[in-house]
Structure formats: structure tokens, C-alpha cells
Amino acid sequence: MAVALLNPEEMIASSVTLEEGVVIHHPDLVNLYGCTIGAGSRIGTFVEIQRNALIGRNCKVSSHTFICEGVTLEEGVFVGHGVMFTNDLHPRAVNPDGSLQTDADWTVTITLVKRRASIGSHATILAGVSIGEGALIGAGAVVTRNVPDYAVVAGVPAKVIGRVKDAPAKV
């Protein structure tokens, strides 16, 4: 069986929607397909963004980051270097009968990062969580549950350790 490969010089698939003013620092060193990237956003080197992922306006995605299907970043989100998102709560390569899994054998679990949140370098965001507006995720954190608006979380697993200083008084 023959497999169709992309031209190695075409690392941004024609299925990608790039809104006005998007900056991709090294377009030959990213892997983007089937995603939408909002106006004014910046994408670093060695980033992969999969189909059905949505990057809002004015986001910054730093190098070596993986954003999988089912992830939405609202506007103004910062993603540090080497951040990994997941989208499967029960990852397996094969079914109980030993056959390789296909898209029909699992369900994408949605993850939401709300506006103006910041995710530190090398954090891992597990499938199905919601990161609150203006929240701050510490470097290296493993986020396993929802993060409240304007919370500061860190650790493995990530726990609330404070509140961001520029949080509105009413929250």
C-alpha cells in the first residue's frame, strides 16, 4: 500500500486557516494541518498544531510545542517552550484483539485554555481540562484538573499556589 507524503518543503498544509498578521517564524520548521490560527498570533519553530485545533487572536506559541486535535486557545494566550497537550483519556495503540486502533476506536477529549492564560515551559496539559481566564501555569507543571480563573498553579500534579497579581478585584 502506497502512502502519500507531503512535500517536505510544505509543512503548512493547505487545510490551515491563517488569519491576518499571523507570524510563523520558520514556516519550513513547523507542522500545521487542519487548524485555525487567529489574527496576530505568533508560532515558533518546531511546533505541531493538529487538525481541529483553534488558536485565538494574538496568541504566542513558543518553540517545540505540541497542540493536538480538540484544543482551543482563546485570545491572548501564551504557551511556553515545549508545552504538550493531550486529547485522549485512555490512550492505547491497539484494541483488545491486538488490531491497531483507528480514529473510530477512540474519542477526542476537548481542552480549553481561556483568554490571557499563560502556560510555562514544559508543562503538560491532560485532556479534558479547562484553564481559566488569566491563569498562570508554572513551568513543568502537569495539569490534571480544571484551573480556576486567575489562579497560579504549579507542581506534579498541578495545585493552586496563589493568584495572579493583575486579577480583577471582582473575581
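Since this is a predicted model, take the numbers as computed values, not measurements. The first residue in the sequence is number 1, and the count goes up from there.
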Considering all heavy atoms of both residues, which atom of [X] and which atom of [Y] are nearest to each other, and what is their separation?
| X | Y | answer |
| --- | --- | --- |
| Ala127 | Asp88 | CB-N, 3.6 Å |
| Gly138 | Ala123 | O-CB, 4.1 Å |
| Ser15 | Gly34 | OG-N, 2.8 Å |
| Gly132 | Ala117 | O-CB, 3.7 Å |
| Ala154 | Ala141 | CA-CB, 4.2 Å |

Quick one: SG on Cys68 to CZ on Phe85, what's the gap to the nearest 0.5 Å?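 Between Cys68 SG and Phe85 CZ, I get 8.0 Å after rounding to 0.5 Å.
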
Nearest-0.5 Å distance that lies between atom NE2 in His64 and atom CE in Met84: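 These two atoms lie 9.0 Å from each other.
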
Could you list the residues that satisfy side-chain contact (heavy atoms from CB on, under 4.5 Å) with [X], not counting sequence neighbours?
| X | value |
| --- | --- |
| Thr65 | Val47, Val61, Ile67, Val79, Val83 |
| Ser62 | Lys60, Phe78, His81 |
| Pro148 | Ala151, Val160 |
| Asp105 | Asn95, Gln101, Thr102 |

What residues form a side-chain hydrogen bond (donor to acceptor under 3.5 Å, both in side chains) with Arg51, not counting sequence neighbours?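 Expected list: Glu69, Asp103.
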
Do [X] side-chain atoms and [Y] backbone N/O form a donor-acceptor pair below 3.5 Å?
| X | Y | value |
| --- | --- | --- |
| Ser41 | Gly56 | yes |
| Asn146 | Ser130 | yes |
| Thr144 | Pro157 | no |

Transitive ILVMFWY side-chain link Leu73 to Leu126, under 4.5 Å: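 No, because Leu73 and Leu126 fall into different hydrophobic clusters, even though each may have its own neighbours under 4.5 Å.
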
After noting the C-alpha distance and the side-chain angles of Val153 and Leu136, does the key distance pass the side-chain contact (heavy atoms from CB on, under 4.5 Å) rule? CA-CA 6 Å; Val153 301; Leu136 176 61; over 6 Å; no

Under the side-chain contact (heavy atoms from CB on, under 4.5 Å) criterion, do Thr45 and His26 qualify, and how do the steps go? CA-CA 6 Å; Thr45 307; His26 296 280; 2.9 Å; yes

Compare all side-chain heavy atoms of [X] with those of [Y] and state whether any distance is below 4.5 angstrom.
| X | Y | result |
| --- | --- | --- |
| Ile55 | Ile49 | yes |
| Val108 | Asn52 | no |
| Ile125 | Ile119 | yes |
| Ile37 | Ile43 | yes |

Listing request: all salt bridge (Lys or Arg N to Asp or Glu O under 4.0 Å) pairs with a residue in residues 124-144, at least two apart in sequence or in separate chains.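 Of all non-adjacent pairs touching residues 124-144, those that pass salt bridge (Lys or Arg N to Asp or Glu O under 4.0 Å) are Arg115-Glu133.
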
What pairs of residues pass the salt bridge (Lys or Arg N to Asp or Glu O under 4.0 Å) test when at least one of them lies in residues 33-48, not counting sequence neighbours?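 Residue pairs with at least one partner in residues 33-48: there are none.
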
Under 4.5 Å between side-chain heavy atoms, chaining through other members, with only Ile, Leu, Val, Met, Phe, Trp and Tyr counted: pull out the rest of the cluster around [X], sorted by chain and number.
| X | result |
| --- | --- |
| Leu54 | none |
| Leu112 | none |
| Leu29 | Phe46 |

Donor-acceptor list for residues 16-24 side chains, cut-off 3.5 Å, not counting sequence neighbours:
| unit_1 | atom_1 | unit_2 | atom_2 | d |
| --- | --- | --- | --- | --- |
| Glu19 | OE1 | Ala39 | N | 3.0 |

Which residue pairs satisfy the ring pair (Phe, Tyr, Trp, His ring centres under 6.0 Å) criterion with at least one member in residues 92-141, sequence neighbours excluded?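 The answer is none; no pair qualifies.
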
Would Thr124 and Val143 satisfy side-chain contact (heavy atoms from CB on, under 4.5 Å), going step by step from the backbone distance to the final call? CA-CA 6 Å; Thr124 300; Val143 179; over 6 Å; no

Pair Thr72, Thr111 - check side-chain contact (heavy atoms from CB on, under 4.5 Å), show working. CA-CA 6 Å; Thr72 296; Thr111 298; over 6 Å; no

